[in-house]
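Since the structure comes first, as structure tokens, the remarks are kept for the end.
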Amino acid sequence: MADQEIVNIISAQEEVYPPPPDVVARARIKDREALSQFAADHPEQFWAERAEELEWYRKWDKVLDDSNKPFFKWFVGGRFNIVHNALDRHMNTWRKNKVAYIWQGEDYSERAISYAELNREVCKFANVLKSLGVQKGDRVTIYMGRVIELPVAMLACAKIGAVHSVVYGGFSVQALAGRILDSQSKVLITCDGAYVNGKLVELKQIADDAIKEAPIVEKVVVYKRTGHPVGWVEGRDHWWHELMKDASPVCETEVTDAEDPLFILYTSGSTGKPKALLHTHGGYAVYTYTTMRYVFDVQDEDRWWCAADPGWITGHSYIVYAPLMNGVTSIMYEGGPAYPAPDRWWQIAEQYRVTILYCAPTAIRGLMRFGPEWPQKHDLSSLRLLGSVGEPINPEAWRWYHTYIGGGRCPIMDTWWQTETGGFMITPLPVTPLKPGSATKPFFGIRAEVVDDEGRPVPPNEEGYLTILTPWPGMARTIYGDPDRYVQTYWARYPGRYFTGDSARVDQDGYFWIIGRVDDVLKVSGYRLGTAEVESALVSHPAVAEAAAIGLPHEVRGNAIYTYVILRAGYEGSPALAEELRQHVAKVMGPIARPEKVEFVSKLPKTRSGKIMRRVLKARALGLPEGDLTTLEE
Ligand code: WT7
């Protein structure tokens, strides 16, 4: 961290933004402290009351079952399908004619779909899935661009009790193949292509290449977005529109159990193999519904824009499930934030009179570089709240976002959470006084504590590990197919507590300041990547014998990937080979993992047991002290 940045953070701690009176006047929750106290004293009652706001086929017998820790269960005995709450129940109200999604393509094409129309598409696609042999509990991999059919596919799976596994459309062959194999998906849903930053992403081609490595896929459904020619395997591949033509729009929603699996979502950890976090219908629904309602205070007249990708947890929770359960109108935009010009987002916000914008600090930092004249071209007066997610937001970006996007009127909800947590964990509410760069305080019913190596709470303003003390309904239930790894990764380091993998500080006012990951996980432009995944992509190239990857601070992206490579005998390091290796990583993993730099070395710092000491590489690259080297081999 640069010195200036540290000064900024220290001063931000003293800089407090009280909530504007009009925001307080309309806020659903006016007294945060009182409700926090109630939820802390009566967590099960608090969550049961929230669950009552949704519709159950059969009410639960027990709110929380903690008899088999850490495999907690919520709303045990309840019969509940999230799709009944996201769509079916709105069909009996005026809301069926409300717009669910307003969509804009990067090519400026537009679509709007009402709740009733969305329901009809979901019913039809659910019948398509059944006709392809998909049954309750089966995994279906979804690999699509940002089109309305992506939520349609997810909801159709959930409706029939199948388990979706969405793979972000920016991932490439190896990442997709690994996830198909691990989840044992026989059906893959994709697009012919997608438009991002003016370029065509060949999703179908990547899918075809992935299936060569994962030949268990029997059926592929292809949504036509671009119309460019694609390869075709007769019998295996089917056009979305052809299957939908004759599909019946009538489909009963499966009466699932509250604890039945809803989806798996892969995320990076400290090994080369991503983890499939499993979320269930009941608890996840109650948690995402409630967090969105209280944190963003959503009302019927809102136009909500979560600018994430549906392929990440942010999109699952706050583009698809929570907005639909809350009956909100959402904006969805297909392409890049600065395409064709740096005011593309601000044009969209103005055009659709967006009232709440929720995005990542990396996007803010990227757009900030172009200067305030770009947002100033647009009338952003419809905005009333802003949000931030994915990585710490530096005070400078916070202030720019607040001043130039929010016009100084809109509080920023800096929400800290993870794929594993399902929804917001540490977050402001509209009535919370804000400090730029702090996610403020734990949500209702969440007990968070920052501790040292031994699990003892650290004093105010000291850095430590962020842990969560009690269960919450939105927590992932396990790692699909690997419950031992679930226990080891999250529950073994501090018995009885959930270990987040993040470090943090709590200041004298009880405000949490997230510092960053303490494991071998990197946040690059808000995307979560494992250094081990990048290393294994590098060693899959014939020239590479060994590789190490680290993250170094980057002004816009938060972190940039730097790699150190030992070549096999017979290969000579050159700028051309370095470039080839960068492209190789982008090809096998996806462009988001493309290293900033490939450096050729003859040795790597290792422990005597052969583990690469990435901390030493990082210290060397930054010119910092190398710390304790007693375990270093040479
Ligand atoms: C990691 C989780 C949560 C949805 C998107 C990311 C970092 C997330 C914040 C924030 C500081 C944040 C943490 C966390 N992170 N939100 N508001 N302030 N850091 O989900 O890909 O599972 O990544 O993102 O390091 O552990 P994810």
Only pairs at least two apart or in different chains count here, so list each salt bridge (Lys or Arg N to Asp or Glu O under 4.0 Å) that has a residue in residues 465-481.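 Applying salt bridge (Lys or Arg N to Asp or Glu O under 4.0 Å) to every pair that reaches into residues 465-481, excluding sequence neighbours, yields Glu259-Arg477.
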One thing to verify: whether [Y] and [X] come together as a salt bridge, which I'm taking to mean a side-chain N less than 4.0 angstrom from a carboxylate O.
X	Y	result
Arg614	Glu535	yes
Asp66	Lys73	no
Arg557	Glu596	yes

Quick one: list whatever passes side chain to side chain contact (heavy atoms under 4.5 Å, CB included) with [X], sequence neighbours left out.
X	value
Pro433	Val16, Pro19, Tyr511
Val298	Met292, Phe296, Asp302, Asn326, Val328, Ile356
Ala360	Thr362

Kindly confirm or rule out a cation-pi arrangement of Arg399 over Tyr401, judged by NZ or CZ under 6.0 Å from the six-membered ring centre and within 45° of its axis?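 Output no; distance or angle outside limits.
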In the structure I gave you, are the side-chain heavy atoms of Ile479 and Leu278 within less than 4.5 Å of one another anywhere?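 Ile479 vs Leu278: side chains apart.
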Mind checking the OG1-CH2 spacing from Thr467 to Trp491? Nearest 0.5 Å is all I need.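 With rounding to 0.5 Å, OG1 (Thr467) is 10.0 Å from CH2 (Trp491).
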Between OG of Ser388 and CD1 of Ile393, what distance do you get to the nearest 0.5 Å?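 The distance works out to 4.0 Å.
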Could you pull out all residues at least two apart from Gln37 that satisfy side chain to side chain donor-acceptor pair (under 3.5 Å)?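 Gln37: side chain to side chain donor-acceptor pair (under 3.5 Å) contacts with Asp41.
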What residues, two or more places apart in sequence or in another chain, satisfy side chain to side chain donor-acceptor pair (under 3.5 Å) together with Tyr490?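 Tyr490: side chain to side chain donor-acceptor pair (under 3.5 Å) contacts with Lys275, Glu420.
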Output field: ring centroids His279/Phe263 closer than 6.0 Å: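 Yes: the rings meet the under 6.0 Å criterion.
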Under 3.5 Å, is there a donor on one side chain and an acceptor on the other for Ser183 and Ser185?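 Ser183 vs Ser185: donor-acceptor pair found between side chains.
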For the residue pair Thr500 / Asp502, report whether a side-chain donor-acceptor contact shorter than 3.5 Å exists.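 Per modelled atom types, Asp502 and Thr500 side chains form no pair under 3.5 Å.
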With respect to Ser268, which candidate in Lys273, Lys523, Glu533 satisfies the side chain to side chain donor-acceptor pair (under 3.5 Å) definition?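 One option only clears the test, and that one is Glu533.
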